[in-house]
Protein chains: 2
Amino acid sequence: MVTIRDVAKKSGVSVATVSRVLNANGYVHEDTRKKVMAAVDELKYSPNEVARSLYKKKSKLVGLLLPDITNPFFPQLARGVEDEMQKGGYRILFGNSDENAEKELDYLNTFTQNNVVGIISATNNKAKNNYKNLSIPVVFLDRTSSDYPSVYADGKEGGRIAAEEIVKRGSKRITILKGPAHIQPAQDRFQGALEVLSQSNIDFHVMSTTSFAFEDAEKWAKELFATYPDTDGVLASNDIVATAVLHEALRLGKSIPDELQIIGFDDIPQSSLLFPSLSTIRQPAYEMGKEAAQLLVKIINQEKIQQQQVQLPVTFIDRNTTRKVDTNG
Amino acid sequence: MVTIRDVAKKSGVSVATVSRVLNANGYVHEDTRKKVMAAVDELKYSPNEVARSLYKKKSKLVGLLLPDITNPFFPQLARGVEDEMQKGGYRILFGNSDENAEKELDYLNTFTQNNVVGIISATNNKAKNNYKNLSIPVVFLDRTSSDYPSVYADGKEGGRIAAEEIVKRGSKRITILKGPAHIQPAQDRFQGALEVLSQSNIDFHVMSTTSFAFEDAEKWAKELFATYPDTDGVLASNDIVATAVLHEALRLGKSIPDELQIIGFDDIPQSSLLFPSLSTIRQPAYEMGKEAAQLLVKIINQEKIQQQQVQLPVTFIDRNTTRKVDTNG
DNA sequence: CTTAAATGTGTAAACGGTTACATATTAATT
DNA sequence: AATTAATATGTAACCGTTTACACATTTAAG
């Protein structure tokens, strides 16, 4: 390994001078700067971030904690975070928590032990006080929080829109699939939908589900049609569940969207490739990731923050699992 | 921040002793061990990995470089890597390369600057010599390599199987969608399929595509049916493209699998949730990630390796975009 | 009982950077 | 010409660990 001392020797100056040219810090004569840069090039020197981090007590690393990268909603988030962090020269220490408090704590420890300069967490764990005594900034992603910086989409509004749209398009016996109880965003969606349907005079059922996993999704779908065979509108807790519902409905020979309308949530990339393509409430996942990253670097740089909580808007994506609404009405 | 010195002071011993109890190194009296552990607990001391890494010249970090986490094949890989690494106490420094040599090099630098102890790379870049003068072990994932440790699925065999199965099921005018030229695994699949079809007396076309992106997939699909409207069997370069083909075929009112059979490649999670569900060649992505991680930690630990190249088998997943084969034949 | 080996602990030097401080030279100011 | 400010560079301490080495004490062996 070539160190700053090797560069210093080769260019005939002290390590301090080398450090100064590398960091463009303090005074250094143009001639010596050139000598040093030449030595750097020749030796292919590249500073050891670990040593730098040790002295400075801060690295160029940020921790990113997601529930599960395997859930198709999260890669977009992650990508948004990464692309933005990349710009600021930050790199990502990555972990999946599985919404498991122990794993989460474990990762939080790793992050601090590695001098990360900030953390972005998209977990929905109750164990908030894992974060209480962290000395580094945290921003929560896809999760509302009044006491921490956070960026999230307007889930409640999303739920409302979904309910309004499905009603407007004529569903009369709606089933709301309520997502896992401990996932706040899922509850927000549910509340929004509930609010609208409660105030309407449309029949509806609520069916609880306990996970967002692929493997479970088909089970809920079967259960749904077994329990409520005459439902003509499903508000799914997310696009995965919606996809499973769509799949099962087609298997049962239901005509979509004529007999049954389905609205998902998230707008994961593959939703547009289904047939019929899935109508859904879009969360701007990539932008959310970016936004979170921007917020975090602002906090790291001690910039003034206008808004600790960033709420991003949600939009209805009108595809083919919903009927066309009468536009002249 | 509480350091080893604070613990030493509190427990009335030297830092060397504290270090010894923490690392279970050298001799230390049981009584002092207890004293030290008590101080550790009381102060909630947790060692600074950065300092440790600096002295030892190796961290507990491994670099993971993927083309794009947003491509649904990769989260599974990543998860396999992470789960396995987690077991060994390693954490993941993560990056997306976008198959861009500059980004790739940039990440490789970051990795080494941060003293990672190994790298797993799933890129398909020509710029192999980015890896030449790395002093840390690298294993390539989803990519064949004779001169580096690598784990990959048997793409060529996968291509053969796909071709055989679609022929066996009666397609007579087959289109092979050839994936991007610079993606070796895509070429392997293509070669396998080509091999089988060349030796048969079935008509077939080859159509080249240049990316695996969602946005492009629909374009290829439309182009496919515009160019070869009478094709009755498609061998897609991966499940995304297959999904787009399926979508477009259904849109055109083709009956699947009766008029048109489709076989994908990868078996990404959502393939089973399509309707009709997608027949495909399964790559064991999660296992590949795990295998790569296992191989890397073996190399890190200087264990004897029997096989530098591990090739995982590929299987035909017979779902509903292919016809049922006559079993009594 | 003497000696050697095993056990237990501390001091200080690394690891590879950054920077406070000291010092020297040159340029600007009066 | 004398003084001050700006420029340029080096020395050494520091960041928080680990470990080589030294030394002391206990235990085992002869």
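Quick note on labels: first sequence line is chain A, next is B, and so on, each numbered from 1.
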S.K.: With rounding to the nearest 0.5 angstrom, report the OG1 to CD distance, Thr144(A) to Gln187(A).
M.R.: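 Here the interatomic distance stands at 11.5 Å.
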
S.K.: Between Glu30(B) (CD) and dT26(D) (P), how many Å, whole number?
M.R.: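 Going from CD in Glu30(B) over to P in dT26(D) covers 18 Å.
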
S.K.: Does Thr17(A) place a side-chain N or O at less than 4.0 Å from the phosphate oxygens OP1/OP2 of dT9(D)?
M.R.: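 Negative; the distance criterion is not met.
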
S.K.: Do the side chains of Arg79(B) and Asp83(B) get close enough for a salt bridge, i.e. N-O under 4.0 angstrom?
M.R.: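 Asp83(B) and Arg79(B): salt-bridged.
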
S.K.: Would you check if Leu93(B) and Asn114(B) make a side-chain contact, meaning some heavy-atom pair closer than 4.5 Å?
M.R.: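 When only atoms from C-beta onward are counted, Asn114(B) and Leu93(B) do touch, with a gap below 4.5 Å.
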
S.K.: For the pair Lys290(A) and Glu287(A), find out whether any cationic side-chain nitrogen is under 4.0 Å from an anionic carboxylate oxygen.
M.R.: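 Result for this pair is no, no salt bridge flagged.
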
S.K.: Any base atoms under 4.0 Å from Thr32(A), or only sugar-phosphate, or nothing? Heavy atoms, all strands.
M.R.: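 The residue Thr32(A) makes sugar-phosphate contact but no base contact.
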
S.K.: Going 5' to 3' along DNA chain C, between which two nucleotides do contacts with chain A fall, using a heavy-atom cut-off of 4.0 Å?
M.R.: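 Listing 5' to 3', DNA chain C meets chain A from dG16(C) to dT19(C).
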
S.K.: Has Glu99(B) got a side-chain atom pairing as donor or acceptor with His182(B)'s backbone, closer than 3.5 angstrom?
M.R.: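 No, Glu99(B) side chain to His182(B) backbone: no donor-acceptor pair under 3.5 Å.
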
S.K.: Considering only nitrogen or oxygen atoms on both sides, find all protein atoms under 3.5 Å from nucleotides 12-16 of chain D and state each distance.
M.R.:
residue	atom	partner	partner atom	Å
dC15(D)	O3'	Lys57(A)	NZ	3.1
dC15(D)	O2	Tyr55(A)	N	3.3
dG16(D)	OP1	Lys57(A)	NZ	2.4
dG16(D)	N2	Ala51(B)	O	3.4

S.K.: Can a salt bridge be assigned to the pair Arg143(B) and Asp188(B) using a cut-off of 4.0 Å between side-chain N and carboxylate O?
M.R.: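 Not counted as a salt bridge, because no side-chain N and carboxylate O are separated by less than 4.0 Å.
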
S.K.: If you measure from the Lys or Arg side-chain nitrogens to the Asp or Glu carboxylate oxygens, is any gap between Lys10(B) and Asp6(B) under 4.0 Å?
M.R.: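 Salt bridge: no.
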
S.K.: Between P on dT7(D) and CZ on Arg20(A), what's the gap in Å once rounded to a whole number?
M.R.: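 To the nearest whole Å, that distance equals 14 Å.
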
S.K.: Has Asn25(B) got a side-chain N or O lying under 4.0 Å from the OP1 or OP2 atom of dT18(D)?
M.R.: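 No.
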
S.K.: Would you say that more than 12 heavy atoms from the other residues, nucleotides or ligands in this model lie under 6.0 Å from the CD of Gln302(A), or not?
M.R.: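 Not buried by this count: 12 neighbours or fewer within 6.0 Å.
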
